[in-house]
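In what follows, a single structure is set out as structure tokens and then discussed.
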Amino acid sequence: KAGVTQTPRYLIKTRGQQVTLSCSPISGHRSVSWYQQTPGQGLQFLFEYFSETQRNKGNFPGRFSGRQFSNSRSEMNVSTLELGDSALYLCASSLEGQGFYEQYFGPGTRLTVT
Amino acid sequence: AQTVTQSQPEMSVQEAETVTLSCTYDTSENNYYLFWYKQPPSRQMILVIRQEAYKQQNATENRFSVNFQKAAKSFSLKISDSQLGDTAMYFCAFMKQRTGNQFYFGTGTSLTVIP
């Protein structure tokens, strides 16, 4: 069974631009969560989508948005990029929407904002 | 709000020895889940072990075991017979029950296994 895939793996953008990251969950998984990982802040929760609906949202500004499609693939968008948005963005998928189900992480997208 | 604290930014252990990574958390929830995730240099996060708060018995997975102290809000990870492949960043994580998949992570402990 294929794991969680994220595209692109690396991305370089300029301040003020916008970016879209993609996450394809493991087949059959309906929950997709997104995290931002930085050396200073560690791993911070962005949002979770389950069956095309945003169910949980972290404390990030409105520039960060996401969506989930009917095939459970998810995209994350960041508008008006800032230098501080440089980070590793991880997505994780889970079989069910809640509870004691293992979350499987993708390899991440390394975003560099210059 | 939930917070997870890992007070050891870096640790090292000799191959074949035992090491314990500390984690404390703060929550007003009574039912929740705790996890240890491993992130090797390749960056793929891998689940190491998990614990349900209502279970008093400590979880064990081969060489990995936890010491879960609910009253003290402590959740430490013990790695026995350390192997070179255990070198990684280890994250402690907390999840509330029945609220979807939202992890609260600690800042991580970088573990190096020395040959």
Side-chain angles (χ1 to χ4, degrees), chain A residues 2-6 9-10 23 25-26 29-51 53-60 66 68 72 74 87-111, chain B residues 1-10 21 23-25 27 29 31-55 57 59 61 64 66 68 88-110:
Chain A
V4 178
T5 58
Q6 292 187 244
R9 292 293 309 279
Y10 302 91
C23 172
I26 292 172
H29 286 195
R30 295 187 296 164
S31 169
V32 175
S33 300
W34 288 88
Y35 293 85
Q36 181 194 65
Q37 185 176 14
T38 59
Q41 299 295 321
L43 281 146
Q44 292 187 292
F45 174 78
L46 282 153
F47 28 66
E48 180 212 1
Y49 285 87
F50 179 71
S51 293
T53 301
Q54 186 181 87
R55 197 215 333 245
N56 285 299
K57 189 177 188 305
N59 296 322
F60 278 81
Q68 186 179 34
S72 293
S74 177
L88 181 69
Y89 290 88
L90 296 171
C91 82
S93 76
S94 179
L95 184 60
E96 285 293 343
Q98 62 187 18
F100 203 55
Y101 293 96
E102 181 175 350
Q103 287 204 64
Y104 294 83
F105 283 82
T109 293
R110 169 73 63 186
L111 172 65
Chain B
Q2 278 59 229
T3 59
V4 178
T5 302
Q6 293 179 250
S7 58
Q8 306 151 312
E10 295 182 359
L21 279 57
C23 173
T24 58
Y25 57 95
T27 183
E29 302 287 321
N31 295 314
Y32 48 86
Y33 309 111
L34 294 163
F35 305 80
W36 278 97
Y37 271 86
K38 167 185 176 181
Q39 189 178 41
S42 67
R43 295 288 184 178
Q44 196 98 21
M45 295 271 280
I46 305 166
L47 177 67
V48 176
I49 198 165
R50 58 191 174 193
Q51 174 85 41
E52 292 162 286
Y54 71 85
K55 288 187 176 179
Q57 186 174 6
E61 287 287 342
F64 299 88
V66 299
F68 173 49
M89 197 75 166
Y90 287 81
F91 292 95
C92 177
F94 170 99
M95 180 190 291
K96 293 190 286 185
Q97 192 181 50
R98 289 193 296 274
T99 59
N101 294 312
Q102 178 175 354
F103 278 139
Y104 297 87
F105 281 97
T107 50
T109 296
S110 178

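Everything numeric in this text was worked out from a predicted model, so none of it was measured. Just so we're on the same page: letters track the sequence lines, and every chain starts at 1.
In this structure, the separation between OH on Tyr35(A) and CD on Gln102(B) is 6.5 Å, given to the nearest 0.5 Å. With values rounded to the nearest 0.5 angstrom, Met89(B) atom CE is found 9.0 Å from Leu43(A) atom CG.
Contacts between Gln37(A) and chain B at a heavy-atom distance below 4.5 Å involve the side chain alone, from C-beta outward. Looking at Phe47(A), there are no atoms closer than 4.5 Å to chain B (heavy atoms on both sides), in backbone or side chain. There is no contact between Tyr32(B) and chain A, counting heavy-atom distances below 4.5 Å. Looking at Phe91(B), only its side chain comes within 4.5 Å of chain A, counting heavy atoms on both sides.
Ring pair Phe105(A)/Phe103(B) is parallel by interplanar angle, where below 30° counts as parallel and above 60° as perpendicular.
Counting heavy-atom pairs closer than 4.5 Å to chain B, the top residue among Gly108(A), Pro107(A), Gly42(A), Pro39(A) is Pro107(A).
Between Gln39(B) and Leu90(A), some side-chain heavy-atom pair lies under the 4.5 Å cut-off.
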